[in-house]
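In what follows, a single structure is set out as structure tokens and then discussed.
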Amino acid sequence: MEKTTYSKIYRVIHWAIGISFLLLLVTIFLRSTWLNKRHLADIIQNYLQGTDQTLSRKQIWALAGQIRHPMWQWHIYLATY
């Protein structure tokens, strides 16, 4: 069996694709667990109960969406470049 040697550019591209896929999976995992909209909304609601401020559930979900938005931007960036 012959040993195949690949060029450096091929190896760099290979690892760049591999790392990109790993980071895509990390963003999916985080958005579906710790950064789940309902989970974040519950955290915000629990925090607000200790203060004099109130928000409707719809407003809390909108706030949770804004917290999650940068993670989605990273996901889009990694998928397109």
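In what follows, residues are counted from 1 in the order of the sequence shown. No hydrogens, no waters, no symmetry mates; every other heavy atom, side chains included, goes into these values.
Grouping the Ile, Leu, Val, Met, Phe, Trp and Tyr side chains by contacts below 4.5 angstrom, directly or via other members, places Leu55 with Tyr47. Side-chain heavy atoms closer than 4.5 Å link hydrophobic residues (I, L, V, M, F, W, Y) into clusters, and following such links, even through other members, never connects Ile13 to Ile19.
The heavy-atom pair separating Trp34 from His39 by the smallest distance is O-CD2, 3.2 Å. When all heavy atoms of Ala64 and Lys37 are compared, the closest pair comes out as CB-O, 3.8 Å. The heavy-atom pair separating Leu30 from Met71 by the smallest distance is CD1-CE, 3.4 Å.
If you take CG on Leu22 and CG on Leu78, they are separated by 10.0 Å, rounding to the nearest 0.5 Å. For the atom pair OG1 of Thr4 and OH of Tyr10, the computed distance is 10.0 Å after rounding to the nearest 0.5 Å. To the nearest 0.5 Å, the span separating CG on Leu40 from CZ on Arg68 amounts to 7.0 Å. Here the CD-CZ distance, from Gln45 to Arg57, works out to 6.5 Å after rounding to the nearest 0.5 Å.
Ring planes of Tyr77 and Trp74: perpendicular class, angle over 60° (limits at 30 and 60°).
Take Gln73 and apply the side chain to side chain donor-acceptor pair (under 3.5 Å) test, not counting sequence neighbours, and it matches His69. Evaluation of the side chain to side chain donor-acceptor pair (under 3.5 Å) rule for Asn36 yields no partner, not counting sequence neighbours. Remark: Arg38 engages no residue in a side chain to side chain donor-acceptor pair (under 3.5 Å) (not counting sequence neighbours).
Side chains of Leu48 and Thr54 form no contact here, defined as non-hydrogen atoms less than 4.5 Å apart. Using a 4.5 Å heavy-atom cutoff, the side chains of Ile67 and Ile44 are in contact.
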